[in-house]
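This structure is a prediction, so every number in the text was calculated from the model and none was measured. The analysis underlying the following values was restricted to heavy atoms, covering all of them including side chains, and did not include hydrogens, waters or symmetry mates. Each chain gets a letter, A, B and so on, in the order the sequences are listed, and its residues count up from 1.
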There are 2 protein chains.
Amino acid sequence: MPAPRATTLRDVAEAAGVSIKTVSNVVNDHPHVRPEMRERVLAVIERLDYRPQAIGRQLRHGRTGMLALAVPQMDMPYFAELACNLVAAARSRGLTVLVEQTDGLAEREREVAAGFPVRIVDGLVFSPLNLPDAELAQRRDRTPVVLVGEHGRDTGIDRVSNDSVEIGRLATAHLLDCGRRRIGMIGTKLRSPHLVATDRHAGYRRALDDAGVPADPALLSPTDGWGREEGERSTDLLLEQAPDVDAVFAPNDVMALGALRSLRRHGRRVPDDVAVVGVDDIAEASYAAPTLSTVAIDRAFIAETALDLLIRRIGGDDSPPRTAIAPHRLVVRESTCG
Amino acid sequence: MPAPRATTLRDVAEAAGVSIKTVSNVVNDHPHVRPEMRERVLAVIERLDYRPQAIGRQLRHGRTGMLALAVPQMDMPYFAELACNLVAAARSRGLTVLVEQTDGLAEREREVAAGFPVRIVDGLVFSPLNLPDAELAQRRDRTPVVLVGEHGRDTGIDRVSNDSVEIGRLATAHLLDCGRRRIGMIGTKLRSPHLVATDRHAGYRRALDDAGVPADPALLSPTDGWGREEGERSTDLLLEQAPDVDAVFAPNDVMALGALRSLRRHGRRVPDDVAVVGVDDIAEASYAAPTLSTVAIDRAFIAETALDLLIRRIGGDDSPPRTAIAPHRLVVRESTCG
DNA sequence: ACGTTGTAATGCAACGTTGGAGACGCGTTG
DNA sequence: CAACGCGTCTCCAACGTTGCATTACAACGT
C-alpha cells in the first residue's frame, strides 16, 4: 500500500462542490468570497484536515521560505548556540532553517559555496573555515549568502563578523590588569591561515605592546584544530615551552576548557598560578571549574543581522556588500583575578 | 531590480536547441542519449550553471527529501550532538534536515505534532517533552513520525528510546560499588510527569533495593527544568535535606555539571566527599573538573535507527509500530571512585 | 520488400498552487 | 432600456520537473 496522499485543494474543492480556485481564495483570505461560501469551504477543510502544501506555493512563487545554515559542526557549542539563535530569529520571520555540516573540510565548504546540487533554499548563512577567500569570491551560484565569522573579508559578500583584534586585545589587557606578565596564547594556527586565531593573536600582541610587556615566541602554542582536545594539547606544549607562564589566552572557550584540564593535570592552580581567559561565553563557561572568564560575543546580534542582510538580498537588493560587527564584552569570572 | 531567476531546464533547452525533455534525460543519466548530444547539453549546462531545482522534482515526485528534527533546544549539548548525528546520517542517505525548536513548550510541541501549517517535510524526528501522550496518539497529520526519547510510549508511533530504568540502575549500582550508601538523586521532576526522570529514578530505586540499601525521601531533590542551573539548585537543596549525602545521581550530564558546581561551592570534594554520575556522555563530561563519570547512550544508533524507521514509513510501510532501544554503557571517570 | 527491433529524441500531461482574465447574475445609472 | 459597475465565482496558464506515449529513423532478419 502506497503512502497516503496528502489532501489537496482539489480534494477540498470536489468535496465542497466548488472550484479549486475558490478554495484557494478562502485559504488565502481573498476578498469577494461570500461568508456562507467561506463557511462551507472551511468546514470541508477542517473535515479533511487540509493543509496547504508548501511545494505548490513555492513553485508558484519561486521561493521556498527556507534558509540553509552551514557550519563546521553542530555539536560545537558556539555553533550550536548560534544555530539556536538563528532558528529562533528565522522563526520569528516565518522562515525555516535547514542545517548543513561541513566538518570544516574545504571540499564540503566548496560544495556549500557552489550551491546545493539541487536548489532548495532562498538563502544561505555560511560560516566557512578552510575555503580560500578567492574561491568564495568567485562563486557562480546566485543564491544570496551571508558569511558569519572572520573569513571571506574581501569577497564582496555580506558578512557579520566580530572585531577579533579588539577581542584579543581586550582579553589580553584583562590578564595584564590582573598583574600577569608571562601571558601565553594557545591555538595559534599552524597550517592554513586561520583568521580568527591570527586576528586574536594580533590583538594579543597589541595589548602586550601597549603595556610595554615583551612578547616571547615561546609563549605561543600552535594547533591545527579548534576543540577541547587541541586546547589541552596546545596548553601542554605551552607549559613545556614556557614553564613560567602565568596566564593563558585561548581564542575560544572550548580551547580554554581544554587548557583548564591541561593545567589541572600539571598541578597548576587556576587562577592562582595561571589565569585563563577564553572567547565566546558558551553556556559551559560559567559552569567550568573554575568558572571561565571570557569575552562574550553577541550571538543574537549575529543571528538577527545575518537574517536582515540575507532577506534584503533575497528581496533583490544589489547594493554594495556590507559588513556588520557584532558587539562583545568582557565577562570576568573565577579563572582570572580569582 | 528583481532577484535573478534561476536557470531552468527550459533555458538550457533553448540554448542548446533541443527539447526540455532531452536536457532532463541528460541530467538524469537516462539511456538513449547519444554521446555527442550529451556532450553538447552538458556544455550548455556548464556554461549556464544550470542546477536542477528541487522544487520541480519534489512537485513531480510528491516528496521533498527533507526531514524535520524537532527538539526542545538546539543548544542543549545532548540535542546538539544528536542533531549532529542525525544530520550526518541523513546526509549519507541523501536527505536534508530542517530544525525546529519547541523550547519544551507543550504549545509548540502541539504545533509540531499537528504538522507544520504548510507541508514541507517527508517525515519528522520528534523529541517531545511536555505534550501529553494522548495528544500524540490522536494526531491527525499523516506525515510519518519517529519519536526519540521516553515519551509517547503507547501512542502507536515508532520510537527510538533508551532503557532509562536500566540506565538509572547501572549508574546507581556503580555508586554503590564505589562504597557509597547515602546516594542522592537530583532532577526528579515535580510537576508534569517527566518520564526520563521517573524511569531513571525507578532504576535508582531498584539498585538500592537490590543492594539492600534503604531509600530515603530526603535523598531526592526535585526540579522543573533540566539544565545546568537546575542541576545546581537541585543539588543545593539536596545538600540541605541530606547533609550526609555521599553520592549524587543526576539524570543527565548537564545537571551533573550543575551538581559539580554546587558541591564545589559548598566545599565538598568530588569524588572524595561526594561522588557524581550523570547520563549522556556529552563532550563536556570528559572535560569537567573532575571529569564526569556517566552512562553513555549511543547517539549514532539513535540517529541511524530513527532514520531507518522513518524511511520505512515514508516508503509506505504500515506494519505495527516499533520501538528500538539504544545501547548504553557506563563510562567511569574521576567523579566516582576517583 | 516488409515487418521487427532498437535507439534517439520529442510531446504531452501531471504534480499543487495562485495570478489574472473571464463569465455570470444582479443592481444601479444615464 | 441599454450600459455599466460590482460582487462572486470559475477557467486558464504557469511555476520546473519527469513518466509515459509517441515519433523518426536506422539496422536487422525473414
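- In the model, B:Q101 has no side-chain atom that pairs as donor or acceptor with a side-chain atom of B:D103 under 3.5 Å.
- Relative ring orientation between B:W226 and B:H194 is described as tilted, the plane-to-plane angle lying within the 30° to 60° band.
- Rounded to whole Å, the distance from CG on A:D11 to C1' on C:dG16 is 10 Å.
- One distance of note links CE of A:M66 with OG1 of B:T64; it measures 7.5 Å at 0.5 Å rounding.
- Taking 4.0 angstrom as the limit, A:R34 places a side-chain polar atom (N or O) nearer than this to OP1 or OP2 of D:dC9.
- Look at A:H30 and you'll find a side-chain N or O under 4.0 angstrom from OP1 or OP2 of C:dG19.
- One interatomic measurement links the two molecules: CD of B:E39 to P of C:dA9, which rounds to 13 Å at whole-angstrom precision.
- Regarding A:H32, its NE2 atom lies at a distance of 6 Å from the P atom of D:dG7, rounded to whole Å.
- Listed pair B:S19 / C:dA9 fails the phosphate criterion, with no side-chain N or O lying under 4.0 Å from OP1 or OP2.
- Inspection of the B:T155 and B:D133 side chains reveals no N or O donor paired with an N or O acceptor under 3.5 Å.
- Nucleic acid contact class of A:I55 (heavy atoms, under 4.0 Å, all strands): none.
- For the residue pair A:R159/A:S161, the side-chain donor-acceptor check at 3.5 Å is satisfied.
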Got a list of protein N/O to nucleotides 20-23 of chain C N/O distances below 3.5 Å?
residue : atom : partner : partner atom : Å
C:dG20  : O6   : A:K21   : NZ           : 3.4

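- Annotation for A:R153: atom CZ counts as buried by contact number, over 12 foreign heavy atoms lying within 6.0 Å.
- D:dT17 atom P lies 12 Å from atom CZ of B:R51, rounded to whole Å.
- For the pair A:T305 (side chain) and A:I302 (backbone), a donor-acceptor distance under 3.5 Å is absent.
- Distance A:R63 CZ to D:dA14 P: 21 Å, rounded to the nearest Å.
- Within 3.5 Å, no donor on the side chain of A:R57 pairs with an acceptor on the base of C:dT17, nor the reverse.
- Of the candidate nucleotides C:dT10, D:dT17, C:dA9, D:dT17 has the atom lying nearest to any side-chain atom of B:P52.
- Under 4.0 angstrom from either OP1 or OP2 of D:dC9 there lies no side-chain N or O belonging to A:N25.
- Taking atom NE2 of A:H61 as the reference point, atom C1' of C:dG16 lies 12 Å away to the nearest angstrom.
- Nucleotides of DNA chain C nearest to B:L59 and B:V18 differ in position, and the one nearer the 5' end is that of B:V18.
- Considering only side-chain N and O atoms, A:S24 lies under 4.0 angstrom from the phosphate OP1 or OP2 of C:dT18.
- Summary of helix geometry: the two end axes of the helix from C:dA1-D:dT30 to C:dG30-D:dC1, each defined by five base pairs via their C1' atoms, are inclined to each other by 70° (rounded to 10°).
- Distances shorter than 4.0 Å separate none of the side-chain N or O atoms of A:R10 from OP1 or OP2 on C:dG16.
- Between the side chains of B:T7 and A:R142, at least one donor N or O sits under 3.5 Å from an acceptor N or O.
- Look at CG on B:N28: it is 7 Å from C1' on D:dT18, rounded to the nearest Å.
- Environment of CZ in A:R10: sparse, with no more than 12 heavy atoms of neighbouring residues, nucleotides or ligands closer than 6.0 Å.
- Checked options B:D158, B:D308, B:D122, B:D318; the residue passing with B:R313 is B:D158 (criterion: salt bridge (Lys or Arg N to Asp or Glu O under 4.0 Å)).
- Going from atom CZ of B:R60 over to atom P of D:dC15 covers 17 Å, rounded to whole Å.
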